[in-house]
Amino acid sequence: MLKDAAEEWDWIHEAPSLLDLPEAKKRVRWITQLEAQRLLACMTPMWMREVTELAFNTGLRWSNAAKLEWAQVDLVRKCAWIHPDQAKAKKPIGVPLNPAAVEVIRRQIGKHGQFVFTTRGHGLARLDNRLWKIACARTGLTDFRFHDTRHTWATWHVQNGTPLNVLMELGGWASYEMVLRYVHLAPDHLAEHANAVTLWSQAGLSESANGLKSVG
């Protein structure tokens, strides 16, 4: 705003430089697939379980999953899309649907003419945090929010080898830095490079040489 005041509105001569305060780094909260399955099994009512299962399979935020409309879904092509005005980054997002996601959506056919997920004949408004916490408690999960299903989905992708640039597009993130938070959760891809630098102690070299002699 100060920059606009100086350069566009001519209210001040020069915009002062302000230092950004350091932000605390928060850990990524995610759960295993077994924990996710247990959470779904403990979750009621059914509409909340269905939305959560879709989120685990697509990484969709609550607002996008809960308010998904049939006009945004193509089960033949197995995809859905989020409009720019519905996305956090204000850019359209194409959402490929895996078999589990397709099955979740198919189970909703015939329940409502506009919205995919409904309760009592109406579209979903907001998550029932009380019921969410009850389900987490039954599963033994602590400090796990609905948004953490998105972190979990991204973590599973990285652990299974999905390239970060692909994950960025899948999740609709605005910057590459947003997906870098998941890199440390799957260091396997660095293993071959770790061997590029190796330092043996004299004792280690001796033991290695003796081992080779005994093998010979």
Side-chain angles (χ1 to χ4, degrees), residues 28-31 33 35-136 139 141 144-158 160 162 165-175 178-179 182:
V28 174
R29 181 69 172 101
W30 64 280
I31 60 177
Q33 290 195 6
E35 288 175 319
Q37 290 171 343
R38 290 174 178 171
L39 176 61
L40 293 175
C42 293
M43 188 170 291
T44 55
M46 183 58 71
W47 63 262
M48 193 161 73
R49 181 188 303 179
E50 301 278 40
V51 175
T52 304
E53 185 174 351
L54 182 71
F56 274 128
N57 282 285
T58 61
L60 287 176
R61 297 178 174 87
W62 165 262
S63 59
N64 297 141
K67 298 184 180 300
L68 189 66
E69 299 184 15
W70 288 112
Q72 296 172 255
V73 177
D74 187 336
L75 290 178
V76 176
R77 295 170 55 201
K78 298 180 181 179
C79 64
W81 47 90
I82 304 302
H83 301 305
D85 60 332
Q86 299 171 316
K88 185 176 181 180
K90 302 305 178 184
K91 295 181 180 179
I93 305 173
V95 185
L97 302 174
N98 64 21
V102 170
E103 181 57 32
V104 170
I105 294 176
R106 285 190 184 280
R107 291 198 294 265
Q108 315 311 313
I109 294 177
K111 294 182 179 180
H112 195 273
Q114 179 180 0
F115 296 105
V116 175
F117 299 104
T118 62
T119 177
R120 299 177 181 177
H122 300 285
L124 304 183
R126 58 183 179 181
L127 177 70
D128 191 321
N129 283 312
R130 183 183 66 86
L131 295 177
W132 177 266
K133 290 179 180 178
I134 290 175
C136 288
T139 316
L141 295 176
F144 190 75
R145 310 160 301 162
F146 184 91
H147 190 72
D148 292 325
T149 61
R150 180 172 170 83
H151 294 315
T152 298
W153 166 83
T155 299
W156 292 346
H157 264 288
V158 172
N160 284 283
T162 301
N165 62 314
V166 175
L167 179 60
M168 178 180 170
E169 187 172 354
L170 286 172
W173 279 288
S175 66
M178 297 298 291
V179 296
Y182 305 106

Under 3.5 Å donor-acceptor, [X] side chain and [Y] backbone:
X	Y	result
N64	A87	no
T152	I31	yes
R49	L40	yes
R38	T139	no
Q108	V104	yes

Take a 6.0 Å sphere around [atom1] of [X] and say whether it holds more than 12 heavy atoms from other residues, nucleotides or ligands.
X	atom1	result
K88	NZ	no
K90	NZ	yes
Q114	CD	yes

Show, in sequence, the C-alpha distance, side-chain angles and deciding distance for R107 and M46, and conclude whether the side-chain contact (heavy atoms from CB on, under 4.5 Å) test is met. CA-CA 11 Å; R107 291 198 294 265; M46 183 58 71; over 6 Å; no
Not counting sequence neighbours, which residues clear salt bridge (charged side-chain N to carboxylate O under 4.0 Å, His left out) with R145? List them please. D148
For the atom pair [atom1] ([X]) and [atom2] ([Y]), what is the distance rounded to the nearest 0.5 Å?
X	Y	atom1	atom2	result
T58	E53	OG1	CD	10.5 Å
Q86	R61	CD	CZ	12.0 Å
N98	L54	CG	CG	9.0 Å
F146	T52	CZ	OG1	5.0 Å
W173	I93	CH2	CD1	9.5 Å
T155	R150	OG1	CZ	11.5 Å

Please state whether the rings of F144 and F56 are parallel, tilted or perpendicular, taking 30° and 60° as the class boundaries. parallel
Any idea how H157 and W153 line up, ring-wise: parallel (<30°), tilted (30 to 60°), or perpendicular (>60°)? perpendicular
Assess whether side-chain contact (heavy atoms from CB on, under 4.5 Å) is satisfied between V51 and W62, documenting all intermediate values. CA-CA 8 Å; V51 175; W62 165 262; 3.7 Å; yes
Of all heavy-atom pairs between [X] and [Y], which one has the smallest distance, and what is that distance?
X	Y	value
P92	P84	CD-CG, 3.7 Å
T149	A55	OG1-CB, 3.5 Å
P45	L131	CD-CD1, 3.4 Å
N57	A101	CB-CB, 4.1 Å

Does the pair F115 and L124 meet the rule for a side-chain contact (heavy atoms from CB on, under 4.5 Å), with working shown? CA-CA 8 Å; F115 296 105; L124 304 183; over 6 Å; no
Where do M43 and W132 land on the side-chain contact (heavy atoms from CB on, under 4.5 Å) test, with the steps shown first? CA-CA 7 Å; M43 188 170 291; W132 177 266; 3.5 Å; yes
Is any side-chain heavy atom of E169 less than 4.5 Å from a side-chain heavy atom of N165? no
Are side-chain heavy atoms of V116 and W70 found at a separation under 4.5 Å? yes
